[in-house]
Amino acid sequence: VQLQASGGGLVQAGGSLRLSCVVSKFAFNGNRMGWYRQSPGKQRELVASIRSGVSGTYADSVKGRFTASRDNAKNTVYLQMYSLKPEDTGVYYCNRVPAYDTWGQGTQVTVSS
């Protein structure tokens with residue numbers, strides 16, 4: 001399973017980032033795909049997910065600020081993040097929902113206050 005996330009970085013509070021994740025075709029097609037976040041000292045949590053043709057679902061902590069999308073032709077999922085807060089800091093991973101046992105390397109997002 002390929003789950004290659006990118007697009008993270010260091011941003012000031014209030015800023016924006018767009019994450020991308022390229023997924024193996026067999027792992028992507030027809031599946032609900034999610035963005036997970038692991039913040040320092042916390043368990044990994046699902047923050048956003050999306051299925052084809054259906055609006056995304058979001059954790060309360062990111063609702064109204066994050067938007068998940070997918071490009072089925074490119075086997076890619078995206079996470080547009082606005083109004084970032086320091087508590088959004090963490091490593092972001094994409095995976096199926098429910099997740100495969102395999103995880104990619106994730107992409108680090110650091111939001112400074």
Side-chain angles (χ1 to χ4, degrees):
V1 177
Q2 177 190 12
L3 300 160
Q4 187 171 351
S6 62
L10 173 63
V11 63
Q12 289 187 333
S16 303
L17 283 173
R18 188 191 192 213
L19 308 183
S20 300
C21 184
V22 179
V23 183
S24 305
K25 186 174 183 177
F26 78 92
F28 184 88
N29 286 349
N31 286 319
R32 180 184 176 197
M33 297 301 300
W35 283 97
Y36 298 77
R37 175 174 72 198
Q38 185 155 25
S39 299
K42 297 184 178 180
Q43 289 189 332
R44 189 176 292 161
E45 62 174 333
L46 177 66
V47 297
S49 67
I50 187 162
R51 298 194 69 156
S52 290
V54 181
S55 298
T57 58
Y58 304 93
D60 288 344
S61 60
V62 307
K63 200 171 293 183
R65 301 187 297 117
F66 290 11
T67 302
S69 60
R70 60 193 287 162
D71 185 332
N72 292 336
K74 296 181 178 180
N75 304 330
T76 301
V77 291
Y78 303 96
L79 186 67
Q80 179 68 57
M81 305 186 292
Y82 296 105
S83 302
L84 283 161
K85 303 176 180 180
E87 52 263 43
D88 294 319
T89 293
V91 180
Y92 285 72
Y93 304 85
C94 73
N95 208 320
R96 187 188 63 173
V97 180
Y100 291 108
D101 290 340
T102 300
W103 292 83
Q105 84 285 357
T107 187
Q108 175 72 46
V109 172
T110 303
V111 184
S112 63
S113 57

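Atom set for the values below is all heavy atoms of this structure, side chains included, hydrogens, waters and symmetry mates excluded. No experiment lies behind these values; they were computed from the predicted model shown.
Partners of Q4 by side-chain contact (heavy atoms from CB on, under 4.5 Å), not counting sequence neighbours, listed by chain and number: Q2, Q105. The salt bridge (Lys or Arg N to Asp or Glu O under 4.0 Å) test applied to E87 returns no partner, not counting sequence neighbours. When the side-chain contact (heavy atoms from CB on, under 4.5 Å) test is applied to S83, the partners found at least two apart in sequence or on another chain are R65.
For the atom pair OH of Y93 and CD of Q38, the computed distance is 5.5 Å after rounding to the nearest 0.5 Å. Atom CG of residue N95 and atom SG of residue C21 lie 8.0 Å apart, to the nearest 0.5 angstrom. Here the OG-CD distance, from S113 to Q12, works out to 9.5 Å after rounding to the nearest 0.5 Å.
Between R37 and S61 the shortest heavy-atom distance is NH2-OG, 3.6 Å. In this structure, P40 and T89 approach most closely via the heavy-atom pair CD-O, 3.9 Å.
A donor-acceptor contact shorter than 3.5 Å links the side chain of R70 to the backbone of I50. Using modelled atom types, no side-chain atom of T110 and backbone atom of L10 make a donor-acceptor pair closer than 3.5 Å.
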Determine whether N72 and S52 satisfy the following criterion, side chain to side chain donor-acceptor pair (under 3.5 Å), listing intermediate values before the conclusion. CA-CA 8 Å; N72 292 336; S52 290; 2.9 Å; yes
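Evaluation of the salt bridge (charged side-chain N to carboxylate O under 4.0 Å, His left out) test over residues 47-60, restricted to residues two or more places apart or in two chains, returns D60-K63.
No side-chain donor-acceptor contact under 3.5 Å links T76 and S20.
Other cluster members for F66: V1, L3, V11, L17, L19, V23, F26, F28, M33, W35, V47, Y58, V62, V77, L79, M81, L84, Y92, Y100, V109, V111, joined by side-chain heavy-atom distances under 4.5 Å among Ile, Leu, Val, Met, Phe, Trp and Tyr. Taking a 4.5 Å side-chain heavy-atom cut-off between Ile, Leu, Val, Met, Phe, Trp and Tyr, the cluster of Y82 contains only that residue.
Under the 4.5 Å side-chain criterion, counting only non-hydrogen atoms from C-beta, V91 is not in contact with Y36. Contact annotation: the side chain of S69 never approaches that of Q80 to less than 4.5 Å [non-hydrogen atoms, C-beta and beyond].
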